[in-house]
Student: 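Sharing a structure, written as structure tokens. Questions coming.
Here is the naming used below: chain letters follow the sequence lines, and residue numbers restart at 1 for every chain. These figures come from a predicted structure and were not determined experimentally.
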There are 2 protein chains.
Amino acid sequence: MIMFPIVMSDSHAYAETIAHAERVCADRGERLTPLRRHVLELVARSDGPVKAYDLLDQLKTGPGAAKPPTVYRALDFLMRLGLIHRVEALKSFIACAHGHGHEESAELYICESCGRVDEQDHPDADPSPPSGFAVSRSVIEHYGQCGDCVNDR
Amino acid sequence: MIMFPIVMSDSHAYAETIAHAERVCADRGERLTPLRRHVLELVARSDGPVKAYDLLDQLKTGPGAAKPPTVYRALDFLMRLGLIHRVEALKSFIACAHGHGHEESAELYICESCGRVDEQDHPDADPSPPSGFAVSRSVIEHYGQCGDCVNDR
DNA sequence: TGAAGGATGTAATAACATAACAATTCTACA
DNA sequence: TGTAGAATTGTTATGTTATTACATCCTTCA
């Protein structure tokens, strides 16, 4: 199996994101419509977390401009398929780095200096849940400075 | 060191929350003004996470009703002192169970059936941060069903 | 006392998100 | 192929959450 280097140009990373989305949709019998694909493209191309209304602005070129429900529906769809994540504390969205399965929770490291987000798998086993608590979904977001920004100071 | 039992009656828990706030403010040279105390009371007395505009409604009795900035400023103050937490994915607030220090992050278990929130200390040591990442603050929220609600099914 | 800083009041608006219903497009299958 | 049903998208309106900007008041302390 040929392995690509971890760091690739944006266009390759972006193309792979779309290709992955195609596969996921095919597997699950869902439709990656032009609108959904477009929204995913915008999220994937954006440099860091992007807000719903920024996407809305980008979709508002020409007549027939997109309205909020259009964008939120596409975002909901992409989240349902695990193709993007919502960054709760930033009210923003990022493309999923898909280093994990659909249903697992991602663990996000968000650099407050450069805005970059690093996504890791969240270990399924919760170290210390309250007795009997059954976790169905977790939000795990770490804020701080990434290695590069720490060194730049 | 004397340890209080975890479970206490609501009224005691509430009184203790206020007393704790008094101590924290005294320690840090901050003022627990009547407004701030009132907001903390409302958050502490509420059964589960409470929204800013619900607090606003509760503060809107009589003329001179509170406006949004009033509530948000009080909430910001209380968060800065670690007396309350914002539950990001619910856009809501809860009183801190103060089982941890000011600066540490809480780990929340939120029951989607009964609304109860259980707060645990978050272990400081992050198991798997990206190389060089310095975490300053973490948002950790687990959603699911608490032991009681799992059994009730 | 009176200047400085902190806290609160007030009006307006920005930013984020959804409800409800209409129109269109796709898919399955008779 | 035609058409019913489901899924998707369009559209209007509104609901919800949060902040900006500036005025006023209160407290401290030189």
Side-chain angles (χ1 to χ4, degrees), chain A residues 21-22 24-26 28-43 46 48-81 83-94 139 141, chain B residues 21-22 24-26 28-43 46 48-81 83-94 139 141:
Chain A
E22 302 271 20
V24 169
C25 286
R28 301 181 52 172
E30 299 277 7
R31 293 165 53 202
L32 189 65
T33 63
L35 173 64
R36 289 165 174 174
R37 178 195 301 258
H38 192 181
V39 170
L40 177 58
E41 283 176 14
L42 293 176
V43 175
S46 104
V50 62
K51 291 175 172 275
Y53 273 68
D54 289 342
L55 296 173
L56 200 48
D57 287 343
Q58 296 182 67
L59 292 169
K60 258 179 187 160
T61 51
K67 274 94 177 174
T70 299
V71 168
Y72 282 104
R73 281 193 289 233
L75 292 172
D76 286 347
F77 171 85
L78 296 169
M79 280 194 288
R80 184 157 56 78
L81 265 61
L83 298 172
I84 64 172
H85 299 293
R86 182 182 151 88
V87 185
E88 294 291 344
L90 297 181
K91 301 174 174 70
S92 298
F93 301 85
I94 56 166
V139 172
E141 300 172 1
Chain B
E22 302 272 18
V24 169
C25 286
R28 302 183 49 174
E30 299 277 6
R31 293 165 53 201
L32 189 66
T33 63
L35 173 64
R36 289 165 174 175
R37 177 196 303 259
H38 192 180
V39 171
L40 177 57
E41 283 176 14
L42 293 176
V43 175
S46 105
V50 63
K51 291 176 172 274
Y53 273 69
D54 291 340
L55 297 172
L56 199 47
D57 287 342
Q58 296 182 66
L59 292 168
K60 259 180 187 160
T61 51
K67 273 93 178 174
T70 300
V71 168
Y72 282 103
R73 281 192 290 232
L75 292 172
D76 287 346
F77 172 84
L78 296 169
M79 280 193 289
R80 183 157 55 78
L81 267 61
L83 299 171
I84 64 173
H85 299 293
R86 182 183 151 88
V87 184
E88 294 291 343
L90 297 181
K91 301 174 175 70
S92 298
F93 302 85
I94 57 166
V139 172
E141 300 172 1

Student: Within the structure, does a side-chain N or O atom of R86(B) lie under 4.0 Å from either OP1 or OP2 of dA18(D)?
Tutor: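 Affirmative; the distance criterion is met.
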
Student: Can you identify which nucleotide, out of dA19(C), dC16(C), dA18(D), has its nearest atom closest to the P69(A) side chain?
Tutor: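 Looking only at side-chain atoms, P69(A) lies closest to dA19(C).
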
Student: Starting at the 5' end of DNA chain C and moving along, which residue's nearest nucleotide shows up first, R31(A) or E30(B)?
Tutor: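 The residue whose closest nucleotide sits nearer the 5' end is E30(B).
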
Student: Are the side chain of E141(B) and the backbone N or O of V87(B) linked by a donor-acceptor pair below 3.5 Å?
Tutor: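 No.
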
Student: Does T70(B) place a side-chain N or O at less than 4.0 Å from the phosphate oxygens OP1/OP2 of dT8(C)?
Tutor: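 Looking at the OP1 and OP2 atoms of dT8(C), neither is under 4.0 Å from any side-chain N or O of T70(B).
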
Student: Does some side-chain heavy atom of V50(B) sit less than 4.5 Å from a side-chain heavy atom of L42(B)?
Tutor: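 The answer is no, as the side chains (C-beta and beyond) never meet within the 4.5 Å cut-off.
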
Student: As a test of reading the structure: which of dC16(C), dT9(D), dT18(C) is closest to the side chain of R36(A), going by heavy atoms?
Tutor: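 When the side chain of R36(A) is considered, dT9(D) is the closest of dC16(C), dT9(D), dT18(C).
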
Student: Given dT11(D), is OP1 or OP2 found less than 4.0 Å from the side-chain N or O atoms of K67(A)?
Tutor: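 It does, given that an N or O in the side chain of K67(A) lies less than 4.0 Å from OP1 or OP2 of dT11(D).
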
Student: Is the closest basic N to carboxylate O distance between E30(A) and R80(A) below 4.0 Å?
Tutor: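 Salt bridge between E30(A) and R80(A), a charged N being under 4.0 Å from a carboxylate O: yes.
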
Student: In whole Å, what is the span from the CG atom of L81(B) to the P atom of dG6(C)?
Tutor: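 Atom-to-atom, L81(B) to dG6(C), this comes out as 15 Å.
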
Student: Nearest to the side chain of Y72(B), which nucleotide is it out of dA7(C), dA17(C), dA18(D)?
Tutor: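 In terms of side-chain proximity for Y72(B), the closest of dA7(C), dA17(C), dA18(D) is dA18(D).
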
Student: Specify the residue among K91(B) and R73(A) whose closest nucleotide of DNA chain C lies further upstream toward the 5′ end.
Tutor: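 The residue closer to the strand's 5' end, by nearest nucleotide, is K91(B).
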
Student: Would you check if V39(A) and L59(A) make a side-chain contact, meaning some heavy-atom pair closer than 4.5 Å?
Tutor: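 A side-chain contact under 4.5 Å exists here.
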
Student: Considering only dT10(C), dT9(D), dA17(C), which nucleotide approaches the side chain of Y53(A) most closely?
Tutor: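 Looking only at heavy atoms from C-beta outward on Y53(A), the closest nucleotide is dA17(C).
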
